[in-house]
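Positions are given from 1, in the same order as the sequence printed here. Since the structure is predicted, the reported quantities are computational estimates derived from the model, not experimental observations.
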Amino acid sequence: MKSPLAPGIRLLTSFSRDGCYRGFILFLTFLFYTAYHLSRKPISIVKGELHRNCSTVIRPADLNITNNETWCDWAPFDQDNYQTLFGILDNCFLVAYAIGMFFSGIFGERLPLRYYLSFGMVMSGIFTCLFGLGFYLKIHSIYYYAVIQVFNGIMQTTGWPAVVACVGNWFGKGKRGFIMGVWNSHTSVGNILGSLIAGAFVSSAWGMSFIVPGLIIASTGVLCFFFLVEKPEDVNCTTPHRHREQQTSETEPLLQNSSHIDRTANGAINVEPSEVTVEPSEVTVEPTEAISFCRALSIPGVVEFSLCLLFAKLVSYTFLYWLPLYISNVAHFDAKEAGDMSTLFDVGGIVGGITAGLVSDYTGGRATTCCFMLIAAAPMLFLYNYIGQRSIGTTVGMLLLCGGLVNGPYALITTAVSADLGTHESLRGNSRALSTVTAIIDGTGSVGAAVGPLLAGLISPTGWNNVFYMLISADLLACLFLTRLVYKEAQGWCRRSP
């Protein structure tokens with residue numbers, strides 16, 4: 001008589017081989033992109049240390065100085081134009097990232113993802129460390145830091161198209177919004193960890209605020225080389241069915257075609273709505289050629305979501321790069337305290353991303369979910385600027401709420417929507433399109449990510465109120481580009497109502 005299995009063993013044996021691999025890949029890609037964002041965050045934390053209010057800093061007794069106002073600042077950021085210089089550094093990274101992203105998807109489709117990701121993470125780690133070495137080598141040239149930012153921005157483009165393509169290879173459309181909503185919390189987790197790690201060193205030796213994250217992302221690159229599995233068939237796992245099975249459990253008015261046609265290898269067509277049968281001798285052929293840039297743009301919804309993401313990412317990245325400095329200037333916190341407080345925005349972003357995924361899965365309305373959250377974000381941004389700094393409780397609550405509403409649509413578009421469009425039925429199962437579609441959407445969004453911090457640097461000297469008016473306007477413009485898709489989704493729901 002067999003003894004009853006221990007609860008832990010029963011739990012382990014309940015997972016299939018496919019399920020274990022999928023969970024492992026989801027965890028690995030989560031870890032990889034957490035490292036990418038972790039290495040981007042230090043610059044926003046260190047800004048408050050590179051230029052400070054030196055009158056509030058205790059001066060060492062043995063320090064001989066001639067300027068009481070800038071003695072504690074790091075040249076060349078000790079001048080009145082320091083905000084413009086910070087904007088230049090942000091844009092060197094973000095413009096290089098935006099331009100490189102359009103090419104990254106093309107390379108990602110034609111190169112092995114494991115090699116591509118490993119190379120990108122190791123090189124990004126090297127450039128992040130080089131920025132931090134400026135502290136120890138006492139480099140005060142803006143050109144040095146600008147060049148480092150350009151090359152780091154290019155290397156960072158290797159991440160997003162590759163990890164989304166990898167996850168898209170392993171997971172089908174069912175509950176994709178929820179799965180990717182949880183998975184996309186790597187963005188906020190990376191921002192939080194980056195803030196905490198950078199904040200731990202910023203007051204004593206800000207160079208380590210870059211070197212430690214640089215070593216972390218380089219280490220994950222090595223991990224990627226040894227353990228990443230690009231496709232289920234590489235380890236004899238089941239490939240998710242994206243097109244041959246009708247998803248009856250969820251409604252997707254945006255991405256469905258009016259007829260359900262399955263084409264087999266010999267050209268036979270089966271149009272039965274309830275069941276598709278294929279003879280054992282017939283094999284479904286998946287196109288293997290990479291699609292062109294123009295072909296990807298012609299996929300329904302790609303242009304609208306790309307333009308929406310341009311403005312949504314403008315808002316998100318302005319907060320990413322300028323929120324700690326805003327808190328420091330308005331609430332008069334030091335660099336570490338402002339960095340710690342800014343992590344609440346990312347905590348809200350985690351909840352917002354998961355909520356957006358759940359709602360869009362349940363309703364089948366990706367565009368409607370994004371539009372609703374963007375509309376709700378506009379008044380919340382206005383309120384945060386006017387009442388957000390009145391008390392600690394108000395600051396915490398408003399940061400959490402704004403983070404959820406701003407990052408929710410951004411997370412949904414860059415993950416579930418990109419994967420949906422990259423595996424659209426019009427592509428006839430061509431899985432190699434996913435990387436290009438993801439690169440187009442995120443590359444367009446990255447243009448906004450570059451413009452937002454630049455505008456913040458130019459506008460902030462005229463007052464922070466004007467910066468928030470710019471963010472609210474961008475938020476509403478993002479909604480505008482989704483109106484056609486929202487109308488289309490509403491039509492789909494009306495047709496399905498009894």
Side-chain angles (χ1 to χ4, degrees), residues 41 43-56 69 73 77-91 94 191 195 199 202 311-346 348-349 374 376-407 410 448-478:
K41 188 64 178 178
I43 184 67
S44 67
I45 304 300
V46 172
K47 283 177 183 176
E49 184 69 18
L50 296 177
H51 186 95
R52 294 185 285 174
N53 182 0
C54 296
S55 62
T56 64
E69 294 183 357
D73 297 335
F77 308 104
D78 56 347
Q79 305 300 317
D80 292 337
N81 66 339
Y82 72 96
Q83 288 177 316
T84 301
L85 295 180
F86 287 150
I88 290 173
L89 288 186
D90 292 343
N91 272 270
L94 292 169
N191 290 341
S195 296
V202 66
F311 291 99
K313 206 167 181 179
L314 182 153
V315 178
S316 181
Y317 267 64
T318 301
F319 273 97
L320 174 67
Y321 281 92
W322 287 89
L323 182 58
L325 187 63
Y326 169 75
I327 294 174
S328 179
N329 286 354
V330 176
H332 307 294
F333 289 176
D334 63 30
K336 183 180 185 307
E337 291 173 338
D340 292 344
M341 184 66 72
S342 70
T343 60
L344 294 171
F345 185 84
D346 294 299
L374 289 167
M380 292 303 106
L381 292 175
F382 180 83
L383 287 175
Y384 172 63
N385 183 42
Y386 278 91
I387 67 171
Q389 308 300 332
R390 291 186 178 180
S391 66
I392 291 295
T394 305
T395 301
V396 170
M398 293 302 297
L399 281 174
L400 290 172
L401 188 57
C402 289
L405 293 173
V406 167
N407 284 340
Y410 163 41
V451 172
L454 174 64
L455 291 178
L458 296 174
I459 297 172
S460 57
T462 67
W464 287 104
N465 288 348
N466 296 328
V467 174
F468 275 87
Y469 294 148
M470 179 267 291
L471 296 177
I472 293 169
S473 300
D475 198 68
L476 295 176
L477 283 171

Suppose we screen for side-chain hydrogen bond (donor to acceptor under 3.5 Å, both in side chains). Which residues come up paired with Asp340, at least two apart in sequence or across chains? Lys336
Is the closest side-chain heavy-atom distance between Val396 and Ile392 below 4.5 Å? yes
side-chain contact (heavy atoms from CB on, under 4.5 Å) partners for Ser460, two or more places apart: Gln83, Trp322, Trp464, Val467
Check whether any side-chain heavy atom of Leu401 sits under 4.5 Å from a side-chain heavy atom of Tyr384, and report yes or no. no
Answer whether the closest heavy-atom distance between the side chains of Asp90 and Tyr317 falls below 4.5 Å. no
Side chains of Thr395 and Leu344: closer than 4.5 Å at any heavy-atom pair? no
For residues Tyr321 and Asn91, is any side-chain donor paired with an opposing acceptor at under 3.5 Å? no
Do the side chains of Leu323 and Leu399 get nearer than 4.5 Å, heavy atoms only? yes
Parallel, tilted or perpendicular: which fits the ring planes of Tyr386 and Phe382, with parallel below 30° and perpendicular above 60°? tilted
Can you tell me how far the SG atom of Cys402 sits from the CE atom of Met380, to the nearest 0.5 Å? 7.5 Å
Holding to ring pair (Phe, Tyr, Trp, His ring centres under 6.0 Å), I want the full list of residues that pass it with Tyr469, two or more places apart in sequence or in another chain. none
Before we go on, tell me: are the rings of Phe468 and Tyr326 under 6.0 Å apart, centre to centre? yes
With side chains defined as the heavy atoms from C-beta onward, is the minimum distance between Phe319 and Asn407 less than 4.5 Å? no
Distance check, rounded to the nearest 0.5 Å: Ile472 atom CD1 versus Asn385 atom CG? 7.5 Å
Counting distance only, does the side-chain N/O of Lys313 pair as donor-acceptor with the main-chain N or O of Ala450 below 3.5 Å? no
